[in-house]
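Input: a single structure, listed below in structure tokens.
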Amino acid sequence: MRTITAHTKADTLIEALPWLARFHGATVVIKYGGNAMIEESLMEGFAEDIGFLHYAGLRPVVVHGGGPQISKHLDRLGIESTFTAGLRVTTPEAMQVVRMVLVGQVNRDVVGLINRHGPLAVGMSGEDAHLFTAERKHALVDGEHVDIGQVGEIVKVDPGAVQAMIDNGRVPVISSVARGEDGEIYNVNADTAAAALAVSLQAQKLIVLTDVEGLYAGWPDDTDVIDKLDGAELAAMLPSLSSGMKPKMEACLTAVQGGVPQAHILDGRVSHSLLLEIFTDQGIGTMVMP
């Protein structure tokens, strides 16, 4: 029995070999969010995966949001959360909470979990070393531009500090807050931030963890997951996607159009989904090619 178990493990390791060879030294940007970020066992599994990627010779970079944690904190403080066109309306007092929760709580938690596996992760915010510079973004409602407060659109990425950390053998963990040229602080969508960073780092892969199995062919009638599609096919599908899925797929499209060879949408509710995607022949989720 022990021999059978050992052989199964050996087979798994051998299956990973071509992928280990292919991605050795590759920078992989991972957008971390959804249930994988709230459920304890999934959080621990994610941290293990990041540790594994690092020790297997890849160079992971984590970009995270924290929508549920922000909502919880705003509720606790009695600050109302409203959404327009899928974006959180961010008043100056809400922005203080967003910044505090993302940078001071969620970022620390993610760094702490990864660092159980060695002195790997270093936390930073998009404000640090001018990593992300943003401009005020307006929501489009019935063709009209609507002001939604301190919500930003990234206009510039300066990845020098992140690259220095990667070169130093660390795992950067980045919260999606940005600075404005005007001195304002902006809340930026973490999917968009991850894509912009993947392009500027010339990453080999962008991986977006979410709470669905992948991109469905014809949701809600058809729940077949599309394994693979190219940029042109995705661009044609974008207008019909749900408001939750749209920013994720737009991020994938931005990445592949910007020179990232592969972008993936993965189900973060599946334990060790990152390893299944990178190191197995089947892979999971949806892959977008240029």
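Residues: numbered from 1 along the sequence shown.
In plain terms, the two heavy atoms of L209 and G268 that are nearest each other are CD2-CA, 4.1 Å. Considering every non-hydrogen atom in both P159 and L197, the closest pair reads CB-CD1, 4.3 Å. In terms of heavy atoms, R269 sits closest to L42 at O-CD2, 3.6 Å. The two residues A129 and D158 make their nearest non-hydrogen contact at O-OD2, 4.2 Å. Here the closest heavy-atom approach between residue D211 and residue A36 is recorded as OD1-N, 4.5 Å. Closest heavy-atom contact between A134 and A178: CB-CB, 3.7 Å.
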key: Full working for side chain to side chain contact (heavy atoms under 4.5 Å, CB included) between Q69 and K72   = CA-CA 5 Å; Q69 293 92 328; K72 204 167 162 184; 5.6 Å; no
task = Decide yes or no on side chain to side chain contact (heavy atoms under 4.5 Å, CB included) for I50 and I30, but give the supporting numbers first.
result = CA-CA 9 Å; I50 296 296; I30 299 143; 3.6 Å; yes
query = What's the verdict on side chain to side chain contact (heavy atoms under 4.5 Å, CB included) for K31 and H64, showing C-alpha distance, side-chain angles and the deciding distance?
reply = CA-CA 6 Å; K31 188 278 172 146; H64 69 83; over 6 Å; no
request  = Might you work through the side chain to side chain contact (heavy atoms under 4.5 Å, CB included) test for D267 and S273, ending with a clear yes or no?
outcome  = CA-CA 7 Å; D267 192 344; S273 55; 5.7 Å; no
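R59 has its side chain within reach of Q163: a pair of non-hydrogen atoms, C-beta onward, lies under 4.5 Å apart. For the pair F279/L58, a side-chain contact is recorded, criterion being any heavy-atom separation below 4.5 Å from C-beta on. At least one side-chain heavy atom of V288 sits less than 4.5 Å from a side-chain heavy atom of M249. Counting heavy atoms from C-beta outward, I265 and L215 have side chains that stay 4.5 Å or more apart. Contact annotation: the side chain of Y216 never approaches that of D224 to less than 4.5 Å [non-hydrogen atoms, C-beta and beyond]. Counting only heavy atoms from C-beta outward, the side chains of L266 and V208 never approach each other to under 4.5 Å. The shortest side-chain heavy-atom distance between E44 and R116 falls under the 4.5 Å cut-off. Side-chain contact check for L201 versus V157: every heavy-atom pair is 4.5 Å or farther apart.
Paired with T133 under the rule side-chain hydrogen bond (donor to acceptor under 3.5 Å, both in side chains), one option of E181, E127, R179 passes, and it is R179.
Residues S71 and R88 have side chains that bring a donor and an acceptor to within less than 3.5 angstrom of each other.
The number of heavy atoms from other shown groups lying within 6.0 Å of CD (E135) does not exceed 12. Annotation for H272: atom NE2 counts as buried by contact number, over 12 foreign heavy atoms lying within 6.0 Å.
In this structure, M95 is a member of the same hydrophobic cluster as I79, with clusters built from ILVMFWY side-chain heavy atoms closer than 4.5 Å. Both V270 and L113 are part of a single hydrophobic cluster, where members link through side-chain heavy atoms under 4.5 Å apart. Both V110 and F52 belong to a common hydrophobic cluster when Ile, Leu, Val, Met, Phe, Trp and Tyr are linked at side-chain heavy-atom distances under 4.5 angstrom. I154 and V29 fall within the same hydrophobic cluster, where Ile, Leu, Val, Met, Phe, Trp and Tyr residues are linked whenever their side-chain heavy atoms come under 4.5 Å apart, directly or through other members. V101 and L77 fall within a single hydrophobic cluster, where Ile, Leu, Val, Met, Phe, Trp and Tyr are joined by side-chain heavy atoms under 4.5 Å apart, directly or via other members.
Within the structure, side chain to side chain donor-acceptor pair (under 3.5 Å) pairs that include any residue of residues 192-203 comprise N189-T192 (at least two apart or interchain).
Note that the CG atom of L275 and the OG1 atom of T12 stand 11.5 Å from one another [nearest 0.5 Å]. Taking CE from M287 and SG from C252, the interatomic distance works out to 11.5 Å, rounded to the nearest 0.5 Å. Separating the NZ atom in K248 from the CG atom in L206 is a distance of 11.0 Å, to the nearest 0.5 Å. Here the CZ atom belonging to F83 is positioned 8.5 Å from the OG1 atom belonging to T90, to the nearest 0.5 angstrom. Taken to the nearest 0.5 Å, the CD1 atom of I114 stands 13.0 Å off from the CZ atom of R170. Separating the CD1 atom in I174 from the CG atom in L102 is a distance of 13.0 Å, to the nearest 0.5 Å.
Under a 3.5 Å cut-off, the side chain of N115 and the backbone N or O of L120 do form a donor-acceptor pair. Side chain of E277 to main chain of I284: a donor-acceptor pair is present (N/O by atom type, distance under 3.5 Å, no hydrogens or angles). Side chain of S176 to main chain of G65: no donor-acceptor pair is present (N/O by atom type, distance under 3.5 Å, no hydrogens or angles). At least one donor-acceptor pair closer than 3.5 Å links the side chain of Q150 to the backbone N or O of I185. Looking only at distances, a side-chain donor or acceptor of Y55 sits under 3.5 Å from a matching main-chain atom of H117.
Taking the six-membered ring where tryptophan is involved, the planes of H138 and H145 are perpendicular, since the angle between them exceeds 60° and thus also 30°.
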